[in-house]
Chemist: 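Handing you a structure now.
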Amino acid sequence: MSRAGQARAKAALRPGPTHRMEKTYQPEAIENHWYPQWEQAGCFKPGGEGRPYSVLLPPPNVTGTLHMGHAFQHTLMDCMIRLHRMKGCDTLWQVGVDHAGIATEMVVTRQIEAEGGRRDDYTREQFIDRVWKWKHESGSTITNQMRRLGASADWSRERFTMDDDLSEAVVETFVRLFEERKIYRGPRLVNWDPVLQTAISDLEVVNHDEQGKLWSIRYPRSDGQGDVVVATTRPETLLGDVCVAVHPDDPRYADLVGKTVQLPLTGREIPVVADEYVDPEFGTGCVKITPAHDFNDWEVGARHGFEPINIFTATAQVNQNAPEAYQGLDRFEARARVIEDLQRQGLLVEEKPHAMVVPRGDRSGQIIEPYLTDQWFVKMDELGKLGLEKVESGEVEFVPGNWINTYRHWMGNLKDWCISRQLTWGHRIPAWYDTDGNIYVGRSEQEVRQANDFGPETVLKQDPDVLETWFSSSLWAHSTLGWPDPQRMHSDGFNRYLPTSVLITGFDIIFFWVARMIMMTGHFTGKVPFEQVYITGLIRDRDGQKMSKSKGNVLDPIDLIDGIELDALLAKRTAALMQPRLAKQIEKHTRDEFPDGIPAFGADALRFTFAALAGHGRDIKFDLARCEGYRNFLNKLWNASRFVMMHVGEQELPRSQADDVISRWIRSRLSRTITAVDAALTDYRFDLAAAALYEFIWHEFCDWYLELAKPALADDADPATRESTRRTLAEVLDTALRLLHPFTPFVTEEIWQRLRTPLALQTEFLATTIYPQAGAVDLEAEADAEWLKAVIGGVRSARTELNLAPGKAMPLLVQQTGADDQARFERFETLIKRLARLESIEIVDQDRDSADCAVQLCGAMRLLIPLAGVVDLGEELARLGKQLEREQKGLENVERKLANERFVANAPQAVVDKERQRLAEHRHSVAELRTQVAKLERLT
RNA sequence: GGGCGAUUAGCUCAGUUGGUUAGAGCGCUGCCUUGACAUGGCAGAGGUCACUGGUUCGAAUCCAGUAUCGCCCACCA
């Protein structure tokens, strides 16, 4: 690079506003500019002497792209991270990516197949190399998307669950648990995916309601005394039946127990047993028992001492344990053949439709088989107890609190955790077998050999299986902070950042991940992984539907940031559909919802939308209109800032403290806003925090304050007041930007940079500036401002309701003013005239007849607008009538309340006093309005 | 079958320990290109707080029940 080029590059990285302020807010340039600036300046690194604050990113799958759920959660995490960083905490956002065993294997396998290759052409090592290659090329999609969103993570600490040190933690954990006898291996019935050919966890099985069939089959009694009829949804499994069960108290079959029946198609005789499991009310009260292919039957078989007969191969084809005629058929062919044969033999009694629950794998969508294999398990008795204790004791707190019920329920019903998977990509199980099948567990083959004094003549073979992905994720909290290596624990801040402050995640992984982290971190470190768990709602589409590719209703957060043309959106939504026939419908729906595609809202608007929608514990319907509204809000902020900067200029402002009422009022409102935002964020009420900021910035700062400040900024205004007003403008904007920055980091940084010189701000970035603290509330100034707003509002309201030309300045007469009112009219005359568009204000006495005026009550005062014949008396009468009606209704309410003796006797004095005051006010208004109505009626 | 949660304006949602005439955004109506902003301003209309009963001086709020909807968990062949 040339010297000039270097200078340019350096200049481009110097913080400062990107350009002059355009008339409308344009997020793209701003966002692209600031992220690299922050990152390269090291803004996101932890540090300082402040109290530690840390957040773990639930590591997204390396195969993943950012979806709305991520974007939502990451926004909330980043908001908390930025807030605490600005509050001076030593703030760590620990990010990283999960290796995602099955998902990654599927992606890479598909890639190989797309190239015309086959997965089976690769050896284990070759395949793993291939996956790493894929990871290096494509594995950072999601982290780059996180940057687009503004996620202020310390990327230098980014981890991958297959990193060496994290793998070391996995091995260490496995070995220690094995040594503690908390890990064992054995033959068990597991959920088996015959297509992926691996065990999967209960949690990865999705139960679908599907229409199936129920077949009734006759099993002849061996003694020739008739037969029994069993019902089944899976007739092919009869090939593996070991017995027939009836209820012990069922009189119909009392004589049968202990006898045998002929198992059709197999030539086997099987006994009839009595077992409580059988429901005599259902079907015939006889159940065929197939221990190798059904979880319940497994239990029954075990109770009666039967050896399970496995009739399937790993791909769910009938194996050699079944009669030869069926061997080699897959499970569905076998079913058809069995039914056909039963029918031919007259053993099929009935076939009828049956609503049933079909287990399918959440990845493959295939029907899952209960399948008998050797697997590794973690015992959950003690760990489960520990996990429960950590939450019951309050060491880990759920927010919202009711999630503790879900957690309790699950922790109370734990089964041992099957951790082995028959996959290639993942942490290999650190267990070795000798030629006799003895198991040795160790940190490495070398360690095993040394511990057992094996010479080179001993052949050891490592277990081919890998650990399920959640095993390594469950160590995420302590392994990313250096565990188990003492040196790394020191340098990574193990003691400083653990327990982390809060985990923000969805309810769907409470069991997969949250519970297991609590158990594992608790067991190995004695600490909890996090002090709080904030459970977010689920982002749904406008109509409340879950977003899914197959439904074609997915919104991509990046499309909301950058915008997308309709055609591109249609193409995206209809590409690679599992059911292409849905394409038409999806296209129609998409055209209907986004006739012009999606405009570019920018990351800040998207973030603010997420925050504003983040109520507690409820699904979130994502409505584009909200996003548009908040983009408009940021445009409002942008233009207000443009106005402020117009008056503030680029030079350092003289130090001055404005003590006029308007400045005191806006500072007071700002203080209240700070308090409200603080309180809301402490409770994770992002929605309330967002609402408070929106309200303050738009409806107080823009709608009122800037308007009220304008006269003081005019060229002919008092120079001292103008100076102090300029300063207040800049200071209030500065504080507002700080408050807003955790929500909308880009636009606030861009604007704030322009205030650095005028306010002589020392910090380089808003991102690392100190967060504001609430000052005192100024009740006197607030009362003045409220009065002012009431008077202006009264005039405006009367004027509009009477259809008086809004642009035309008119005179105002005021009656029944108190001393306070008169003083205020004097102080605020200019402001009132300007904002209410008045040419004059005159305080007149009671004698002035109001018959020729529109009358607007304002507290005790009467605001009179001379009509001078421009307004229909009828219209004014109608207006007054409406107001009178309203006042009367209010009066009746209050009168009723106060007439109730028990109310007066029992309610707190303050409440009663308030009601009495209201009574007086309503009475006054009603009387005034009646008088005026009477006056006008006399004129008509 | 068990558990959790919802039901407030046309739509999406707030509504603190029970206490003004139940609020906001979007949408809607009317007027307005006022030198920050039409991605805007000003002023409006719009609600039997799902239903029934109870507690209370007072209930959107607390309690019980009913209805509808959603989600999670569960082995009925």
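Being a predicted model, the structure only gives us computed values, none of them experimental. Below, each value reflects all heavy atoms present in this structure, side chains not excepted, and no hydrogens, waters or symmetry copies. Reminder, nothing fancy here: chain letters follow the sequence lines and each chain counts from 1.
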Chemist: Would you call the rings of A/Phe610 and A/Phe72 parallel, tilted or perpendicular, where under 30° means parallel and over 60° means perpendicular?
Modeler: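 The rings of A/Phe610 and A/Phe72 sit tilted, inter-plane angle from 30° to 60°.
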Chemist: Take the protein atom CD of A/Glu915 and the nucleotide atom C1' of B/rG58, then report the distance between them rounded to whole Å.
Modeler: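 To the nearest whole Å, that distance equals 10 Å.
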Chemist: For the side chain of A/Thr800, counting heavy atoms from C-beta on, which of B/rA14, B/rC42, B/rA77 is nearest?
Modeler: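 Shortest atom-to-atom distance from the side chain points to B/rC42.
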Chemist: From the options B/rA14, B/rG25, B/rG40, select the nucleotide whose nearest atom is closest to the side chain of A/Leu688.
Modeler: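 Nucleotide nearest to A/Leu688's side chain: B/rA14.
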Chemist: A/Asp687 side chain: which of B/rU12, B/rA14, B/rA36 is closest?
Modeler: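 Output: B/rA14.
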Chemist: Choose from B/rU12, B/rC37, B/rG70 the nucleotide whose nearest atom is closest to any side-chain atom of A/Arg626.
Modeler: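 Among B/rU12, B/rC37, B/rG70, the one nearest the side chain of A/Arg626 is B/rU12.
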Chemist: Are the aromatic rings of A/Tyr694 and A/Tyr630 close, with centres under 6.0 Å apart?
Modeler: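 Yes: the rings meet the under 6.0 Å criterion.
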Chemist: Would you state whether a donor and an acceptor, one from the side chain of A/Lys882 and one from the base of B/rA45, lie under 3.5 Å apart?
Modeler: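 No, the side chain and the base share no sub-3.5 Å donor-acceptor pair.
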Chemist: Give the dot-bracket line for RNA chain B from 5' end to 3' end: parentheses for intra-strand Watson-Crick or G-U pairs under 3.5 Å, square brackets for crossings, | for inter-strand pairing, dots for unpaired.
Modeler: (((((((..((((.....[...)))).(((((.......))))).....(((((..]....))))))))))))....
Chemist: Decide if atom CD of A/Glu28 counts as having more than 12 heavy atoms of other residues, nucleotides or ligands within a radius under 6.0 Å.
Modeler: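 Counting other residues, nucleotides and ligands, CD of A/Glu28 stays at 12 neighbours or fewer.
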Chemist: Which listed nucleotide (B/rU39, B/rG40, B/rA36) is nearest to the side chain of A/Asn635?
Modeler: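 Looking only at side-chain atoms, A/Asn635 lies closest to B/rU39.
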Chemist: Please tell me which of the listed nucleotides, B/rA77, B/rC57, B/rU21, lies nearest to the side chain of A/His922?
Modeler: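 Closest nucleotide to the A/His922 side chain: B/rU21.
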Chemist: Measure from the side chain of A/Asn632, starting at C-beta and using heavy atoms only, and say which of B/rU21, B/rA77, B/rG40 lies closest.
Modeler: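 Among the listed nucleotides, the one closest to the side chain of A/Asn632 is B/rG40.
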